[in-house]
Number of protein chains: 2
Amino acid sequence: MKKLKRSARLVEMTEFLLSRPHTLIPLTTFADRYGAAKSSISEDLAIIKEVFEEGSIGVLHTLAGAAGGVKFMPKLHKEDALSFIQNFCRQLEQSDRLLPGGYLYMSDLLGQPAIMNEVGKIFATAFADRDIDVIMTVETKGIPLAYATGAQLNLPVVLVRRDHQVTEGSAVSINYVSGSHKSLHTMTLSRRALKEKSRVLIVDDFMKAGGTIKGMMDLLAEFDATVAGVGVLLESGTVDSDERLLTDYISLAKLTAVDSKTKMIEAAPGNYFND
Amino acid sequence: MKKLKRSARLVEMTEFLLSRPHTLIPLTTFADRYGAAKSSISEDLAIIKEVFEEGSIGVLHTLAGAAGGVKFMPKLHKEDALSFIQNFCRQLEQSDRLLPGGYLYMSDLLGQPAIMNEVGKIFATAFADRDIDVIMTVETKGIPLAYATGAQLNLPVVLVRRDHQVTEGSAVSINYVSGSHKSLHTMTLSRRALKEKSRVLIVDDFMKAGGTIKGMMDLLAEFDATVAGVGVLLESGTVDSDERLLTDYISLAKLTAVDSKTKMIEAAPGNYFND
């Protein structure tokens, strides 16, 4: 037990909560930790709660009663998420991102942990109220997004592989059709990676017709698991609606036009920002 | 500008610093932000500094003078790192991790963002004083480690791929020999992913003889870049020293024995904990 002055206690409690998102912490934990009365702890939490909410950091959810406590849920105000995504879109529109075949280079953006953490916070905000056991993505570029989201929601990450790996043990493989090129691919998931009946949030960096995500959904069916939500950072807005393989997803940004000849790229906020 | 009571200001400053590791923040930023005198800000920082150091959270480094300010550097006390790694080793020793061929299933551990963040903090502590521009890893399982480390050190992550990808633009490829099986592999890095003369911290989840990491070093040479350090979560301790391809690395844990017949696994803290 530490006897701290109130100012030091506030600093420590703030760090304690921030590093344990979506975790219920009984008030007695704090009371015991600091040898303080529950009423003092409650006053401290009220101060933290106000700062977190005003600062677009998150909400402190208080549960009363014997099994009660406090839970920090990272939540970004929608206008802050929007201004972050608008800035992300401006960066996407830099013409030197255009690669042969109309592909867009975005590894520099995906390579910034601070950007990934912000995206993780937005997904954690968007899916905060869903009942989720695990986050799933397929290698490779969705991985940092999945971990950033998992960190904010306090959930494990399950990784679908393109090939069967010796380090994964026995696995379930499926074939899927990549929507845009109608080409056949394989994805595989370790048998022990996912419990039956898990509720799974699928996240990925990019979605065109949705073939890869549809593949993950097919894989989930093999595990008797269900889809709790789908979140993509960037979707292609140039897909015909009858080609689109899924409709129920959240996108944070949308590629609205890509012209290889004029090297023009246009991006806009995704459907998360529709009202 | 927000006029906050001191208690609220402490909460906000704590969050502000924690979310901006290895970033120099001028005192005037805080003074302007809160409309407070620099002397009050300095007092607040002294409180935060003490809590962070006692709580094994990190250090607040203060730079005096006109270009001065405060920088938060995540640092985990060595005894806390050790007790975390000892617990990690106990989990590794669960006999049901053994896969055919003597491989170890550890995707469940690597799939926990909280574990990855802790490992990231240990790497950030170990490499805090090196001059590093970028973190590098090769797909797939080292990726969450690289991002966790990059987040703590405020550095970007560069991802080496096994195959050339259309979304990476022109790339440099090399062949390398995987030490343990003497088999030939390819790795490839996008031309624009890494600036010339970059100082690179290489991280990976597992190292046996070190062939994969040696491959990344060869790739760095192609970019005229230099190795600022090598960190691996787990090394195999069953490699003969004359087979080992590199000697200058930090390991957090070590597999000291794996017996497929008796299903016995033994793991111990790595060379980071040698004195």
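Numbered from 1 within each chain, the chains take letters A, B, ... in sequence-line order.
Between chain A and the residues B:Ala151, B:Pro144, B:Ser170, B:Ser19, the largest count of heavy-atom pairs under 4.5 Å involves B:Pro144. Chain B forms more heavy-atom pairs under 4.5 Å with one residue of A:Glu139, A:Arg9, A:Arg6 than with any other, namely A:Glu139.
Between A:Val157 and B:Pro113 the shortest heavy-atom distance is CG2-CG, 4.1 Å. Contact detail for A:Ile47 and B:Ser7: the closest heavy-atom pair is CD1-OG, 3.8 Å. In terms of heavy atoms, A:Tyr147 sits closest to B:Leu110 at OH-O, 2.6 Å.
Proximity to chain B involves both the backbone and the side chain of A:Val166, based on heavy atoms less than 4.5 angstrom apart. For A:Ile143, the part lying under 4.5 angstrom from a heavy atom of chain B is the side chain only. Proximity to chain B is limited to the side chain of A:Ser190, based on heavy atoms less than 4.5 angstrom apart. Using a 4.5 Å cut-off between heavy atoms, A:Ala114 makes no contact with chain B at all. Heavy atoms closer than 4.5 Å to chain B are found nowhere in A:Met13, neither backbone nor side chain. In this structure, no portion of A:Ile135 lies under 4.5 Å from any heavy atom of chain B. Looking at A:Lys5, there are no atoms closer than 4.5 Å to chain B (heavy atoms on both sides), in backbone or side chain. Neither the backbone nor the side chain of A:Phe16 has a heavy atom closer than 4.5 Å to any heavy atom of chain B. Looking at A:Glu15, the atoms closer than 4.5 Å to chain B (heavy atoms on both sides) sit in the backbone and in the side chain alike.
Annotation: the span from B:Arg191 atom CZ to A:Tyr105 atom OH amounts to 12.0 Å, rounded to 0.5 Å. Going from atom CZ of A:Arg162 over to atom OG1 of B:Thr140 covers 10.0 Å, rounded to the nearest 0.5 Å. Residue A:Lys141 holds its NZ atom at 7.5 Å from CD of B:Gln165, rounded to the nearest 0.5 Å. Annotation: the span from A:Asp44 atom CG to B:Leu10 atom CG amounts to 11.0 Å, rounded to 0.5 Å. To the nearest 0.5 Å, the span separating OG1 on A:Thr167 from CG on B:Leu104 amounts to 10.0 Å. In this structure, CG on B:Leu17 lies 11.5 Å from OG1 on A:Thr14, to the nearest 0.5 angstrom.
Residues in residues 107-118 of chain A take part in these side-chain hydrogen bond (donor to acceptor under 3.5 Å, both in side chains) pairs, two or more places apart or across chains: A:Arg97-A:Asp108, A:Ser107-B:Glu168.
Around the CD atom of A:Gln94, the shell of radius 6.0 Å holds more than 12 heavy atoms that belong to other residues, nucleotides or ligands. Within a 6.0 Å radius of CD in B:Gln91, more than 12 heavy atoms belonging to other residues, nucleotides or ligands are found.
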